[in-house]
Amino acid sequence: MIEIAENKCDFCGCCVGVCPVNCIEVKEAEISVDHDICIDCDICVYVCPIEVLSQTDPRKSSKAAA
Amino acid sequence: MWKEQKEFDCIVVGGGPAGSTFARVAAEGGLSVLLLEKDRDIGVPVRCGEAVSDAGLRIFHEPDPRWIASTINRIRLIAPNETVVEFDLQQKGYILDRRIFDYDLAEYASSAGAQIVTKAYVDDIIIENDRVVGVKGTHVGERFEKRAKIVVGADGVESRVGRWAGLKTTVKLKNMECGFQKTVTGIDVDEHMFEFYLSKKWAPGGYLWVFPKGKNKANIGVAISGYYAKDGKSAQKFLDEFLAWKYPKASVLTTVVGGIPIDKTVKQMVMDGLMLVGDAAHTVNPVTGGGIVPGMRSGLLAAETAVKALHNGGPARKNLAAYEKEWHKIGGKNHERFYRIKETIFRFTDDDLNRIADGISAVPTDDRSLLKLFSIAVRKKPSLLFDVIRVFAGL
Ligand SMILES: Cc1cc2nc3c(=O)[nH]c(=O)nc-3n(C[C@H](O)[C@H](O)[C@H](O)COP(=O)(O)OP(=O)(O)OC[C@H]3O[C@@H](n4cnc5c(N)ncnc54)[C@H](O)[C@@H]3O)c2cc1C
């Protein structure tokens, strides 16, 4: 599952731009992921310039695997 | 006033340079325009290195001294082995203060008659009979629904407006530049110089920039391709390592986070009742990452088309398609060429870059005409360097 360190987030929307299923929403100072739609592709985890997003399931996360 | 009005000619989602330019030109053309911006403040937070060329800016406005933090006339490219290639920009460039610039663009739109509303977050569009006819959202905790003949997605890199309508605007991982910048002070920089560090070490799949805002202050930032970000080192880490090495005593005034879509412009920029402009349509120059001027240009072209369409015919796709054509004619061909150049640079190894830089640095500085550089670049094979420099110079 994608986890968000919300207190770290700058709400820049970089993750929204790459999300293939459009499941991330970023408001002025709020971010949320719709886990029902999310496919755990981890692309948002990669692009985040400040490492706000992470994958909690180690089998799925290539970062955790590396 | 906007609260009472149920319908507008155009509703613009997003108050960046693209949205404000669209709103101004459409209002000047006699259309009723509502611009909705989710943030409380137009132009803030700034997510930009703030570099533009004088020529680019002048397409739209006489540069106002209040916008300009510094004027640039030279450019320096730093190779991985720290070989420095420096030459005159054959035209002027600026580092803007976008807080003031974006404010003014919105004010121009407002003076032309557009209504601008901040703290207005759009979370859906209204579709009827396969046509986009309005937007839904929240303004300071209160739901609203507004109808428009044309909805304009000017909602930046995070654009969802096009996607809600079924357009393909998702940015490919490798074409998302992950950006991180600090505006720092307490450093010593050449206040008239653009500096670019090109190296996998500092910025894989992108570059690192030092854009001065005076003698002791600069926007120092990095953009790395999502393709490399995948390896697990974030843009922030790259920049912090650079700052620790080069400017360990710098004080940080502002931190900027943001993505830059350097994808091809989206194939379909319009549909019935909908137009996309700026980052939302991927208008950024894929080599330089410069998106201010291309975004404004797309806003201008789209608005001119909207004015014509609504005075004569209506908002059907066939009437709005002139914008798409015009964009591909003016910016598009260059844009595709820039995209190909970007793809090639992407494949350069640090050794390639070193070789090119060494070749050029052998030429005396006062003899560094673009033609001369061109011939060297050709001899060193990646003839693209010439293009690269030209593109950078024009930002
Ligand atoms: C780190 C970095 C450095 C850069 N450096 C440069 C540079 O030096 N030179 C240059 O030319 N370009 C640069 N760019 C690119 C440039 O900033 C953008 O291309 C430009 O701002 C695009 O303008 P725009 O109007 O399309 O979008 P934006 O300026 O991003 O504006 C979009 C607006 O839409 C709003 N919005 C989004 N969603 C909604 C919604 N649902 N409801 C309401 N409002 C919404 C946002 O809050 C935002 O204000 C840089 C970008 C980054 C991230």
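The figures here come from the full heavy-atom set of this structure, side chains too, leaving out hydrogens, waters and symmetry mates. Note on naming: letters A, B, ... go to the chains in the order of the sequence lines (proteins, then strands), and numbering restarts at 1 for each one.
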*Could you walk me through whether B:Lys38 and A:Phe11 pass side-chain contact (heavy atoms from CB on, under 4.5 Å), step by step?*
CA-CA 12 Å; B:Lys38 70 174 175 177; A:Phe11 314 103; over 6 Å; no

_Going by side-chain hydrogen bond (donor to acceptor under 3.5 Å, both in side chains), name the pairs with one or both residues in residues 28-37 of chain A, residues two or more places apart or in two chains._
A:Glu28-B:Arg40

_Any side-chain heavy-atom pair of A:Lys27 and B:Asp123 under 4.5 Å_ = no

Minimum heavy-atom distance between [X] and [Y], given as atom pair plus value:
| X | Y | value |
| --- | --- | --- |
| A:Pro20 | B:Thr170 | CA-CG2, 4.0 Å |
| A:Glu51 | B:Ser234 | OE2-OG, 2.7 Å |
| A:Val47 | B:Cys178 | O-SG, 3.2 Å |

*Using the test ring pair (Phe, Tyr, Trp, His ring centres under 6.0 Å), find all partners of B:Phe101 that sit at least two apart in sequence or belong to another chain.*
B:Trp67

_Looking only at heavy atoms and a cut-off of under 4.5 Å, which of B:Lys172, B:Glu177, B:Met176, B:Lys119 has the most pairs with chain A?_
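The residue among B:Lys172, B:Glu177, B:Met176, B:Lys119 with the greatest pair count is B:Met176.
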
With a cut-off of 6.0 Å (strictly less than), are more than 12 heavy atoms of other residues, nucleotides or ligands near [atom1] of [X]?
| X | atom1 | result |
| --- | --- | --- |
| B:Arg163 | CZ | yes |
| B:Lys264 | NZ | no |
| B:Phe144 | CZ | yes |

*Of all of A:Asn22, A:Val16, A:Val18, A:Val26, which one pairs up most often with chain B through heavy atoms under 4.5 Å apart?*
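The candidate making the most pairs under 4.5 Å is A:Asn22.
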
*Where does A:Cys48 contact chain B at under 4.5 Å (heavy atoms): side chain, backbone, both or neither?*
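A:Cys48 touches chain B through backbone heavy atoms alone.
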
*Output the distance between atom SG (A:Cys14) and atom CZ (B:Phe180), rounded to the nearest 0.5 Å.*
12.5 Å

_Side chain, backbone, both or neither of B:Lys168 within contact of chain A (heavy atoms, under 4.5 Å)_ =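 It is neither, since no heavy atom gets under 4.5 Å.
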
*Using the side-chain contact (heavy atoms from CB on, under 4.5 Å) rule, take B:Glu158 and A:Ile24 through it: C-alpha gap first, then chi angles, then the decisive distance, then the call.*
CA-CA 10 Å; B:Glu158 71 208 282; A:Ile24 311 175; over 6 Å; no

